[in-house]
Structure formats: C-alpha cells, structure tokens
Amino acid sequence: MGEPSTWRFNKAVHSAYVHGLSIPEDEVLVEYVYVAEDGYSIHSKCRKLKHVPSEPSDVPIWSYAANFPVEDRFLQPVVIYKDPFRKGNHKLVLCEVYANDWTHAPRNFRKNCKETMSTPEATSAAPWFGLEQEYSIIDAANRPLGWPSCFMPQPNTPIHHDAVGMHKAFGRDLYEAHLFACLYAGVNISGGNAEACPGQWEFQVGPTEGVRAADDLWMARYILHRLSEEFGVAVSFHPKIIPGGAGACGGHVNFSTLAMRQDGGIKHIKAAMPLLAKTHQQFLPLCDAHGGADNVARLMGFFCTASLEFRWGVEDRDATIRIPRQVAVDKKGFLEDRRPAANFDPYLVTDALVQVVVLGHETLKNPYAEPKVVKLSVDLSKFKLDDKEEEED
C-alpha cells in the first residue's frame, strides 16, 4: 500500500466538479463539525439544506453514532462559518454534542464554559482571550518535517523560531494556506509564526471575548486538519512528539479582564497571581486532553516551558504566568498562562481561568477524572437475544 501522500487524487478533476459545476443557490452543503468522544479529535459530516443559513438556529439539529453502535449523540449547531473548501454559500457549522437524553456529552465542555461566561460577574469583567496554538507537521512516515530520517538531533537553540529559508522553515505552504482559509471562514485569527523546531508552527486566535475565542480555536483546528489532507501531510497537537529537551508544543492563553486593560490594570494582574497559585495543582490536570498526563514531559521549566511548580515573572518564558515586558511598561494589559499543552481544550481552560480570577473559586472540578456513563440508544430489555428463551417457550 502506498504512503498517505500518494493517495491524493487528481486535484484538477476534483476542482472541475466542486468549483466548476453550477448548482442552485438555495441548495447548500453544511458541514457539521464537532469534538469527538476522545475530547481532542475533530469529526464532521455533511448535510444538504434547501436554504442558506445565517444563524445557528437555521441549521437543523442532527445526530451521529457514538461508541458505535451502542450510543448516539445530538449535534446542536452553535456557530456558523463560511466554508473555505467548497466556497459559495456552503457553510461550516460548529456543534455542541449532547447525549440522547439531552444531557451534555462527556467531552462537551462548551456548555459549562458558556454558563460561566454568562454570569453577571463574568459579563461585567468582559474577559478577553488570545489563544496561541502550536502544532507539528508530520510526514507520511509520522516524522516531523525537516528532521533527518536517520536520527533525531536535539537543537540547543531555537534556530527555527520565526525562521525563513529552505533549510529552516518546513511546511510554510500549509501554514500560509491555513491563515487565509481562517480569514475567509470568519475565524478571528490574528497571526502566526514558525516555532522553535523543524516542522513546528504556531497560529493565534483572538483577542476575543468569552466563549467565542474557544469556538474559533476549535474551528481553526478543524480547518488545519482538513487542509493537511490537501497537502498530503498530517498535523499533531501532541505536546511532546520529540523526546528530550526540544520540540515542546504549547497552547498558551493570553487572558485579561476589563480592569486589567484599563489604566493601572497591572495591580489587577498582580492580584490574580495568588489566586492562580492557590489553584495551580488543580489547574494542571485541565491542561491537556488526557488529564495532565501528556503535559508532564513538556513542563520542564526550561527551553521556554513552565515547570510543575508555580511562579510568575515579567518576560519570563520559563514561568507559569508571564507578564509581557510591554504590559509591565504600560502598567496595563494581560497575562500569559503558559501551562496548557497544545492539545488543551480551550473551553475547559478559559472556563477555569474565569472561575479562579473573576469568580474567586478555590476549587476546580476535573472532568477527566469523572467516570463515563454509557447511555444506550436502544433498550435491550425489549429484545430477545437468547435463542434458548424461544426454545423453552
């Protein structure tokens, strides 16, 4: 069997049908995008509508089979984006996932996040989030782009950070295409750069208020995965795909409240530090998709990564919380939380930050530690599954 990069079909033929054929304007393809059962994979399925939706309520609720075939889920549309792949009137729609009894699914963290952001305290605080997403581009052999095939060297300095040039920047085509696709879709993407290691890149979304920042990050992730198919490569958000001192991938969160952004806001930024320190050990399990297990190898306390111990500082990139130098000069602005790994759930982390800094909570719930309850789609008690029962009758 050929490598994944050779499974590509003729793109000219594909475009001749997808973009070359005329279809009725009122027939629209909507791609339902949702977070899968594992909490980090992104799935989607397509449905034709007979109208152009402008609001999430214009898109019907749908369903899919989860943990096939024993459970099903409802897909509740929450945000509409333009489709950069099909273009025209076609849409991408981000969905919340609910169980078949309309309780939120085990990895639907959006529901609680939205509730937190909708409290009177949070609304008046007007929390802004700028989310940084680092990622690795990997080839068909599951190796990061730019790393020699015979061994894995360990760079001692971040020579690829913001780098330009054939021998330093690997995968720019995908990175550039992603920026433009997000702009077209309506994702509030704010920039990006080459990261410290070969094949490693970063993009940022925001600053955006409330739950929409996390919505945009999930859709940006979907678009990136979808684009990787076009280029015959894959994308990994794992925080440590290369062992050793290099190659950590983070998901830093820039956070501010209205009081922090106003004149003299530095005192509110500093006032948040004891609160963040008090909940630090509870926060760490929320920083990756496996309850903190993925992030342990990344949090080294050097090479621009935080350690497992809490500390903060001005322009300290090895600290838990970094106050940018310009923020210290202006005496207002935002703080950067450097704990989350690249595969963090933005709903969970932004929710936790508001709970601690704005609402003053001293206890954070870890949903990854909660047992999963299976809710059967079919009542098996109504079916005779044992042939012996029929024989006895």
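Keep in mind it's a predicted model, so treat the numbers as computed, not measured.
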Against Arg339, only a single residue in Val253, Leu276, Leu286 fulfils side chain to side chain contact (heavy atoms under 4.5 Å, CB included); can you say which?
Leu276
Taking everything shown except Trp128 itself, do over 12 heavy atoms lie less than 6.0 Å from its CH2?
no
Tyr34-Tyr64 aromatic ring centre distance below 6.0 Å:
yes
Between the side chains of Gln133 and Tyr135, does any donor sit under 3.5 Å from an acceptor?
no
Once rounded to the nearest 0.5 Å, what's the spacing between atom CG of Asp316 and atom CZ of Arg325?
10.5 Å
Can you tell me how far OG of Ser15 sits from CG of Leu21, rounded to the nearest 0.5 angstrom?
11.0 Å
Are Tyr222 and Val78 grouped together when hydrophobic residues (ILVMFWY) are joined by side-chain heavy atoms under 4.5 angstrom apart?
yes
Within the 4.5 Å heavy-atom criterion, are Thr350 and Leu131 side-chain neighbours or not?
yes
With heavy-atom distances below 4.5 Å as the criterion, would you say the side chains of His51 and Asp26 are in contact?
no
Backbone N/O of Ala342 and side chain of Glu134: donor-acceptor pair under 3.5 Å:
no
Using side-chain heavy atoms (C-beta onward) and a distance below 4.5 Å, is Leu29 in contact with Asp83?
no
Please find the pair of heavy atoms, one from Pro77 and one from Tyr32, that lie closest to each other, and give the distance.
CG-CE2, 4.2 Å
Flag yes if more than 12 heavy atoms outside Lys278 fall under 6.0 Å of its NZ atom; otherwise flag no.
no
Apply side chain to side chain contact (heavy atoms under 4.5 Å, CB included) to the pair Phe170 and Ile137, showing each step before the final yes or no.
CA-CA 8 Å; Phe170 306 94; Ile137 303 176; over 6 Å; no
What's the verdict on side chain to side chain contact (heavy atoms under 4.5 Å, CB included) for Ile241 and Cys249, showing C-alpha distance, side-chain angles and the deciding distance?
CA-CA 8 Å; Ile241 62 171; Cys249 264; over 6 Å; no
Do Asp216 and Tyr81 meet the criterion of a side-chain donor-acceptor pair at a distance under 3.5 Å?
yes
Can you pull out every side-chain hydrogen bond (donor to acceptor under 3.5 Å, both in side chains) where at least one residue sits in residues 174-188? Sequence neighbours excluded, please.
Asn188-Thr208
Rounded distance [0.5 Å steps], CG in Asp38 versus NE2 in His290:
7.0 Å
Could you please spell out the steps behind the side chain to side chain contact (heavy atoms under 4.5 Å, CB included) verdict for Ser54 and Val52?
CA-CA 7 Å; Ser54 57; Val52 180; over 6 Å; no
For Gln200, does its backbone N or O pair with a side-chain atom of Ser136 as donor and acceptor, under 3.5 Å?
no
With rounding to the nearest 0.5 angstrom, report the CG to SG distance, Leu217 to Cys182.
9.5 Å
Do you know which two heavy atoms are closest between Thr279 and His361, and how far apart they sit?
CG2-O, 3.8 Å
Scanning both residues in full, the closest heavy-atom pair of Ile138 with Val235 reads CG1-N, 4.5 Å
Stepwise, does the salt bridge (Lys or Arg N to Asp or Glu O under 4.0 Å) test hold for Arg86 with Glu31?
CA-CA 10 Å; Arg86 298 184 176 117; Glu31 195 75 19; 2.9 Å; yes
Quick one: does Gln282's side chain have a donor or acceptor within less than 3.5 Å of a partner on Leu364's backbone?
yes
Side chains of Asp173 and Phe231: closer than 4.5 Å at any heavy-atom pair?
yes
Quick one, Glu195 and Asn193 - any side-chain contact, counting heavy atoms below 4.5 Å?
yes
In chain order, what residues pass the side-chain hydrogen bond (donor to acceptor under 3.5 Å, both in side chains) check against Glu115, with sequence neighbours excluded?
Lys111
So if you build clusters from Ile, Leu, Val, Met, Phe, Trp, Tyr with side-chain heavy-atom gaps below 4.5 Å, do Val59 and Tyr98 land together?
no
Begin with the C-alpha distance, continue with both residues' side-chain angles, and end with the deciding distance and a verdict on side chain to side chain donor-acceptor pair (under 3.5 Å) for Asp215 and Tyr347.
CA-CA 8 Å; Asp215 290 339; Tyr347 297 125; 2.5 Å; yes
Salt-bridge criterion met for Arg298 and Asp288 (N-O under 4.0 Å):
no
Closest heavy-atom contact between Pro346 and Ala214?
CB-CB, 3.6 Å
Kindly confirm or rule out a cation-pi arrangement of Arg338 over Phe283, judged by NZ or CZ under 6.0 Å from the six-membered ring centre and within 45° of its axis?
no
Could you report the tightest heavy-atom contact between Thr123 and Ser118, atom names first, then the distance?
OG1-O, 3.6 Å
Taking atom CD of Glu370 as the centre, report whether more than 12 heavy atoms of other residues, nucleotides or ligands fall under 6.0 Å from it.
yes
Residues Asn254, Glu132; criterion side chain to side chain donor-acceptor pair (under 3.5 Å); working and verdict:
CA-CA 8 Å; Asn254 299 301; Glu132 302 178 19; 3.0 Å; yes
Counting C-beta onward and ignoring hydrogens, is there a side-chain heavy-atom pair between Leu49 and Pro60 closer than 4.5 Å?
yes
Taking every heavy atom of Pro285 against every heavy atom of Gln281, the minimum-distance pair comes out as CD-O, 3.2 Å
Is a donor on one side and an acceptor on the other found under 3.5 Å between the side chain of His268 and the backbone of Gln262?
no
State plainly whether one hydrophobic cluster holds both Val18 and Leu92, where clusters connect Ile, Leu, Val, Met, Phe, Trp and Tyr through side-chain heavy atoms under 4.5 angstrom apart.
no
Side-chain heavy atoms of Arg322 within contact of Pro324, under 4.5 Å
yes
Going only through I, L, V, M, F, W and Y residues with side-chain contacts under 4.5 Å, is there a path from Val205 to Leu183?
yes
Would you say the ring centroid of His90 lies under 6.0 angstrom from that of Phe85?
no
Indicate if Met273 and Leu353 have the same hydrophobic cluster label, given that clusters are the connected sets of ILVMFWY residues with side-chain heavy-atom separations under 4.5 angstrom.
yes
Atom pair CG/CZ of Asp337 and Phe344 - distance to nearest 0.5 Å:
9.5 Å
Test Glu96 against every option in Arg107, Arg110, Arg73 by the salt bridge (Lys or Arg N to Asp or Glu O under 4.0 Å) rule and name the one that passes.
Arg110
CD-NE2 distance between Gln76 and His104, expressed to the nearest 0.5 angstrom
14.5 Å
Does any non-hydrogen side-chain atom of Leu224 lie less than 4.5 Å from one of Leu174?
yes
One pair to check against side chain to side chain contact (heavy atoms under 4.5 Å, CB included): Met260 and Val357. What are the steps and the verdict?
CA-CA 11 Å; Met260 294 177 183; Val357 176; 3.9 Å; yes
